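Numbers here are sequence positions counted from 1. Computed from a prediction, not measured in an experiment: that's the story for all the values here.
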Amino acid sequence: MKTLLFLLEKEFRQIFRNSSIIRIIFVMPIIQLIVLPIAADYEVKNVNIAVVDHDHSSYSRQLVQKIIGSGYFRLVENTDSYKKALKSVEQNDSDVIIEIPAHFERTLIKENEAKLLLAINAVNGTKGNMGGAYLNSIIKDFNQDVRTDWVTFPRMNPMPLLDIVPRFWYNTRMNYQLFMVPGILVILVTMVGSFLTALNIVKEKEAGTIEQINVTPIKKHHFILGKLIPFWVLGLIVTAIGLTVSRVVFGIVPVGSLLVIFGFTAIFLLAVLGLGLLMSNFSDTQQQAMFFAFFMIMVFVLMGGLYTSIDGMPNWAKIMTKFNPVAYFIDVMRMVVIKGSGLYEIRTHIFAILSFAIVFNGLAIWTYKKQV
C-alpha cells in the first residue's frame with residue numbers, strides 16, 4: 001500500500017508540475033463545452049431564398065409572407081426573372097429558389113391545383129435537404145389554409161376537423177443544446193482518460209525514467225494502478241466541471257441521479273484508461289501516441305452517435321458501434337440527463353462497459369509484461 005501511495009504522490013506531482021496538462025484538463029473542457037454546443041447545431045435556420053413571382057396576386061404574397069414568417073428562411077432577392085435568381089444561387093447568395101408562375105391564383109381557384117417550381121442548391125446536402133423539407137411543409141400548410149378558407153360549413157352538418165397537437169416527451173422545447181451537451185461532455189472525458197494517459201506513459205519512455213521503474217521491485221499492478229488512478233480522479237473532476245458548466249451556461253439540470261452519472265463515468269474511465277495504457281504500450285514516442293489517440297477519437301466521435309443517429313447508419317456501421325465504448329456512454333448520459341433513467345434502464349450499458357474495461361486493461365497488462 002505504501003508503494004502505491006508513493007507512486008500516486010509522484011504521479012500527481014508530475015501532472016500538476018506540467019502547466020500544459022493543467023490547461024488541457026481544466027481550461028480546455030470549459031471552453032469546448034461552451035463553444036461546441038452553440039456552434040454544433042444541426043437545426044437549419046436563415047436559409048437564403050430567392051422569390052420569382054410572376055403572378056403578384058394576393059395568394060402569391062400570402063405564400064411568400066408565410067415562408068419568410070416561418071423563421072427558417074431569409075428573403076435575399078425578389079425578382080421576376082428565373083435567370084437572375086439562378087445567378088444568385090451560382091454566386092452562393094441564395095440557397096433556394098421558388099418560382100410562382102403567372103396566373104397562379106386564378107389557376108388555383110379555377111382548377112383546384114397549381115404548380116410551383118422549387119430549385120434547391122444541394123452543394124451543402126444537409127442545408128439543401130432540410131431547407132427543401134421545411135419549404136415543402138410550409139407550402140402544404142399554406143395549401144391547407146387555402147382549402148379551409150374555401151370550405152363552407154353547413155349549420156346542421158358541420159365538417160369534422162382534426163386538430164393535431166404534438167406532445168414532445170423529455171425534451172419538451174426541442175432544445176438542441178440539451179441533446180448535444182451530454183454527448184460533448186463524454187468526448188471530453190474520453191480525451192482526458194485515453195489521450196493523456198497514453199501521453200503520460202510515453203513521455204516517461206522518452207525520458208528513460210520508465211526503464212528505471214522497470215528494474216525496481218515495484219510490482220506490475222502497483223505501476224498500472226499508479227498510472228490509472230490519477231487520471232481516473234481527474235476524469236471525474238472533468239465530469240463535475242462539465243456538469244457545472246452545462247448548468248450555469250445552458251441551464252441544463254440532469255433529470256436523473258448524479259450518483260448514476262458519476263458511477264457510470266467511473267466505470268467508463270476504467271475502460272478508456274485501459275485503452276490509453278494499451279496505446280502507450282505500442283507507442284515509443286509522444287507523436288506516435290498522438291496519432292493513435294487521434295485515430296481512436298475520430299472513430300469514437302463519428303461512430304458514437306454524437307452528431308449522427310446510429311439508427312440512420314448502415315447495418316455494418318451499427319455492428320461496429322457495438323464495439324465503441326463511447327457510444328454507450330453518450331447514450332447513457334442522454335438517458336440520465338434528459339429522461340432521468342436509473343441503473344435498471346442502463347444495466348446493459350454497464351455490463352458492456354465493464355466488459356470493455358476488463359478486456360482493455362487485461363490486454364494492456366499482458367502487452368506491458370511482454371515488453372519487460
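The main-chain N or O of Glu99 is never found under 3.5 Å from a side-chain atom of Asp53 such that the two would form a donor-acceptor pair. Of the possible donor and acceptor atoms, none in the side chain of Asn121 sits under 3.5 Å from a partner among the backbone N and O of Val96. No side-chain donor-acceptor contact under 3.5 Å links Trp232 to the backbone of Leu270. Under a 3.5 Å cut-off, the side chain of Arg334 and the backbone N or O of Asp331 do not form any donor-acceptor pair. Between the side chain of Asp141 and the main chain of Ser137, no donor-acceptor pair closer than 3.5 Å is present. Between the side chain of Ser60 and the backbone N or O of Ser57, at least one donor-acceptor pair lies under 3.5 Å. No donor-acceptor pair closer than 3.5 Å links the side chain of Ser283 to the backbone N or O of Thr285.
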* **Derivation and outcome, side-chain contact (heavy atoms from CB on, under 4.5 Å), residues Leu135 and Ile49** => CA-CA 10 Å; Leu135 197 55; Ile49 185 170; 4.3 Å; yes
* **Residues Glu105, Ser58; criterion side chain to side chain donor-acceptor pair (under 3.5 Å); working and verdict** => CA-CA 8 Å; Glu105 180 177 313; Ser58 61; 2.8 Å; yes
* To do: Might you work through the side-chain contact (heavy atoms from CB on, under 4.5 Å) test for Val52 and Asp80, ending with a clear yes or no?
  => CA-CA 5 Å; Val52 182; Asp80 57 356; 5.5 Å; no
* To do: Take Asn48 and Ser94, measure what side chain to side chain donor-acceptor pair (under 3.5 Å) needs, and give me the verdict at the end.
  => CA-CA 5 Å; Asn48 296 326; Ser94 301; over 6 Å; no
* Step-by-step side-chain contact (heavy atoms from CB on, under 4.5 Å) determination, Ile67 to Ile98 -> CA-CA 10 Å; Ile67 293 172; Ile98 178 170; 3.8 Å; yes
* To do: Starting from the C-alpha separation in whole Å, work towards a yes-or-no answer on side-chain contact (heavy atoms from CB on, under 4.5 Å) for Val186 and Val326.
  => CA-CA 7 Å; Val186 169; Val326 175; 3.8 Å; yes
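The minimum heavy-atom distance between Ala119 and Tyr82, with the atom names listed, is CB-OH, 3.6 Å. The minimum heavy-atom distance between Leu116 and Pro101, with the atom names listed, is CD2-CD, 4.0 Å. When all heavy atoms are compared, the tightest approach of Met333 to Pro182 is CB-CB, 3.9 Å. Contact detail for Gly242 and Leu185: the closest heavy-atom pair is CA-CD1, 3.7 Å. The two residues Val181 and Leu33 come nearest to each other via the heavy atoms O-CD1, 4.0 Å. Nearest heavy atoms, Phe268 versus Pro325: CE1-O, 3.6 Å.
Val51 is not connected to Leu117 by any chain of hydrophobic side-chain contacts under 4.5 Å among Ile, Leu, Val, Met, Phe, Trp and Tyr, and they are in different clusters. Leu278 and Phe323 fall into different hydrophobic clusters, where Ile, Leu, Val, Met, Phe, Trp and Tyr residues are linked whenever their side-chain heavy atoms come under 4.5 Å apart, directly or through other members. Note on Ile358: it does not cluster hydrophobically with Ile267, by side-chain heavy-atom contacts below 4.5 Å among ILVMFWY residues. By the criterion of side-chain heavy atoms lying less than 4.5 angstrom apart, applied directly or through intervening Ile, Leu, Val, Met, Phe, Trp or Tyr residues, Phe329 is not grouped with Ile310; the two fall into different hydrophobic clusters. Residue Val233 is grouped with residue Leu188 when hydrophobic side chains (ILVMFWY) are merged at heavy-atom distances under 4.5 angstrom, including chains of intermediate members.
In this structure, Lys339 forms a cation-pi arrangement with Tyr170, its terminal cationic atom sitting closer than 6.0 Å to the ring centre and no more than 45° off the ring axis.
Between His349 and Tyr328, the angle of the ring planes goes over 60°, which puts this pair in the perpendicular group of the 30/60° scheme. Using a 30° and 60° split on the angle between ring planes, Phe179 and Tyr176 fall in the tilted class, from 30° to 60°.
Listed by chain and number, the residues in a side-chain contact (heavy atoms from CB on, under 4.5 Å) with Asn175 are Asn171, Gln177, Leu178 (sequence neighbours excluded).
Counting heavy atoms from C-beta outward, Ser70 and Tyr134 have side chains that stay 4.5 Å or more apart. Contact check for Gln288 versus Val202: no side-chain heavy atoms found under the 4.5 Å cut-off. Annotation: side chain of Phe294 is in contact with side chain of Met298 (closest heavy-atom distance under 4.5 Å). Counting heavy atoms from C-beta on, the side chains of Leu5 and Glu9 never come closer than 4.5 Å. A heavy-atom distance below 4.5 Å is found between the side chains of Arg247 and Val253. Residues Val47 and Arg74 fail the side-chain proximity criterion, which asks for heavy atoms closer than 4.5 Å. Side-chain contact between Ile338 and Val255 is absent, with no heavy atoms from C-beta onward closer than 4.5 Å. You'll find the side chain of Gln62 stays beyond 4.5 Å of the side chain of Lys66, heavy atoms only.
Here OG of Ser194 is found 6.0 Å from CG of Leu275. Values are rounded to the nearest 0.5 Å. Rounding to the nearest 0.5 Å places CZ of Phe264 at 4.5 Å from CD1 of Ile353. Ser246 OG to Ile241 CD1: the interatomic distance, rounded to the nearest 0.5 Å, is 12.0 Å. To the nearest 0.5 angstrom, Asp55 atom CG is 9.0 Å from Arg106 atom CZ. Atom CD1 of Ile100 sits about 10.5 Å away from atom CZ of Arg61, to the nearest 0.5 Å. Rounding to the nearest 0.5 Å places CG of Leu234 at 10.5 Å from OG1 of Thr239.
Counting heavy-atom neighbours within 6.0 Å of Phe291 CZ, excluding the residue itself, gives a total of 12 or less. Counting heavy-atom neighbours within 6.0 Å of Lys84 NZ, excluding the residue itself, gives a total of 12 or less. Environment of NE2 in His103: sparse, with no more than 12 heavy atoms of neighbouring residues, nucleotides or ligands closer than 6.0 Å. Under a cut-off of 6.0 angstrom, the local environment of CZ in Phe295 is sparse, with at most 12 non-hydrogen atoms contributed by other residues, nucleotides or ligands. Other residues, nucleotides and ligands contribute more than 12 heavy atoms inside 6.0 Å of the CE atom of Met313.
Residues Asp93 and Ser88 bring no donor and acceptor atom of their side chains to less than 3.5 Å of each other.
Aromatic ring centres of Phe282 and Phe292: separated by at least 6.0 Å.
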